[in-house]
Amino acid sequence: MGRRPHPKNQQGQKSPFPRLYGRHAVFAALDNPERSFRKLWLTPATSKTIVIPQGLQVQIGDDHDLGRLCPPDAPHQGFVLEVEPLENVWLGDILAQADDGENRPIIVLDQVTDPHNVGALMRSALAFNARAIVTQDRHSPAETGVLARSASGALEQLPWVRTVNLARALGEIGDAGFWRIALDGSAPDTLESALGKAQPALVLGSEGEGLRHLTIENCDQLARLPISGVESLNVSNAGAIALYACARRGL
């Protein structure tokens, strides 16, 4: 079962397929063997800098032509690629690999809806060797050019699990032996003290409301980042710091 296609592009023009833009996002998609392509738009200049996969339909246009395919003022850099959505990754497949001896975290997002934040978290998760990112299907951004550009190539490499029931998914993650740590600024324990020897599942809440009560109930421990001077951090910044803390264990 594949991911649900995004019903529109960013301009409101009807398009059932994601359009990726920008050199990094497009090249990462073209390098992904799991990705299916539909059409590639290039400028005369960028067409000389790319090896086009055999059979891929290509259209040449100027910067204005490509700009009409992207969000307003999007930095397409002369590359726009229409793709099929990636196939959904099943949580069970990720958890089945968790006994490989590598103490790698999973990132779980509770209704984080900003595609810039989710993309940035994907980038950090890939950089710090996370196993996967888990989101709730109905309350997370779709696969779009905005998210892909923010992920800076990580969308094509990091497994993305989209689940219908986040609480049930957290239950499965706990049964697989992960220590589920919910990041909360008011928690009595710091993340450093909460990180034990078990593989961590770092659970982060939405930009506005934070973690839902049901999500907290399905975690093993609350923990906070040791920050001062501000009440909280942007969720993507908090996630990056938490992932770094996981990577630092044992060094």
Side-chain angles (χ1 to χ4, degrees), residues 3-12 15 17-22 24-26 28-29 69-76 83 85-86 88-89 105-128 130 132-167 169-170 181-186 191 201-216 219 224-225 227 230-244:
R3 295 177 181 163
R4 297 175 184 173
H6 195 255
K8 296 182 179 180
N9 68 13
Q10 299 293 59
Q11 292 70 38
S15 175
F17 303 102
R19 286 178 180 165
L20 312 183
Y21 58 86
H24 201 157
V26 168
L69 303 168
C70 305
D73 301 321
H76 58 72
V83 297
L86 289 168
N88 192 32
V89 176
I106 288 176
I107 290 287
V108 182
L109 304 183
D110 183 15
Q111 298 190 340
V112 178
T113 58
D114 187 328
H116 297 92
N117 282 334
V118 175
L121 281 162
M122 286 182 171
R123 185 178 185 179
S124 296
L126 183 66
F128 290 111
I133 190 167
V134 180
T135 65
Q136 190 169 7
D137 190 41
R138 291 183 302 164
H139 300 285
S140 63
E143 184 182 337
T144 62
V146 173
L147 187 146
R149 182 168 178 81
S150 298
S152 192
L155 173 63
E156 308 297 332
Q157 300 181 64
L158 180 74
W160 184 8
V161 177
R162 304 191 68 155
T163 180
V164 174
N165 190 314
L166 194 65
L170 283 167
I181 303 173
L183 292 182
D184 185 289
S186 62
L191 177 60
L202 302 172
V203 186
L204 295 96
S206 67
E207 298 90 344
E209 299 299 323
L211 293 164
R212 292 175 295 164
H213 182 68
L214 182 60
T215 299
I216 293 174
C219 291
R224 58 178 171 82
L225 299 176
I227 61 175
V230 293
E231 182 178 345
S232 63
L233 294 173
N234 173 278
V235 64
S236 63
N237 293 333
I241 293 169
L243 284 161
Y244 175 74

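Since the model is a prediction, treat every value here as computed from it, not as a measurement.
- Across all non-hydrogen atoms, the minimal contact from Cys219 to Val203 is SG-CG2, 3.8 Å.
- The CG atom of Asp110 lies 8.0 Å from the CG atom of Leu170; values are rounded to the nearest 0.5 Å.
- Inter-residue side-chain proximity for Leu166 and Val134 is flagged as met; some heavy-atom pair is nearer than 4.5 Å.
- Interatomic distance, Glu156 CD to Leu126 CG, rounded to the nearest 0.5 Å: 11.0 Å.
- Just one of Val112, Val235, Leu155, Thr113 meets the side-chain contact (heavy atoms from CB on, under 4.5 Å) condition when paired with Val118; it is Val112.
- Atom CG in Leu121 sits 13.0 Å away from atom NE2 in His116 (nearest 0.5 Å).
- Residues Glu209 and Gln111 are not in side-chain contact: their nearest non-hydrogen atoms beyond the backbone lie 4.5 Å or more apart.
- The two residues Leu20 and Val26 have their closest heavy-atom pair at O-CG2, 3.7 Å.
- For the pair His76/Leu69, no side-chain contact is recorded, criterion being any heavy-atom separation below 4.5 Å from C-beta on.
- Once rounded to the nearest 0.5 Å, the distance linking CG of Leu183 with CG of Leu204 reads 4.5 Å.
- A donor-acceptor pair under 3.5 Å is formed between the side chain of Glu143 and the backbone N or O of Leu86.
- Separating the OG atom in Ser236 from the CZ atom in Arg123 is a distance of 11.0 Å, to the nearest 0.5 Å.
- With sequence neighbours left out, Leu243 forms a side-chain contact (heavy atoms from CB on, under 4.5 Å) with Pro105, Ile107, Ser124, Ala125, Phe128, Ala130, Leu202.
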Less than 3.5 Å apart, which donor and acceptor atoms pair up between the side chains of residues 145-154 and the rest of the protein, not counting sequence neighbours?
| residue | atom | partner | partner atom | Å |
| --- | --- | --- | --- | --- |
| Ser150 | OG | Val146 | O | 3.1 |
| Ser152 | OG | His24 | ND1 | 3.2 |

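- With Asp184 contributing its side chain and Leu211 its backbone, the two residues share no donor-acceptor pair below 3.5 Å.
- Counting heavy atoms from C-beta on, the side chains of Arg162 and Trp160 come closer than 4.5 Å.
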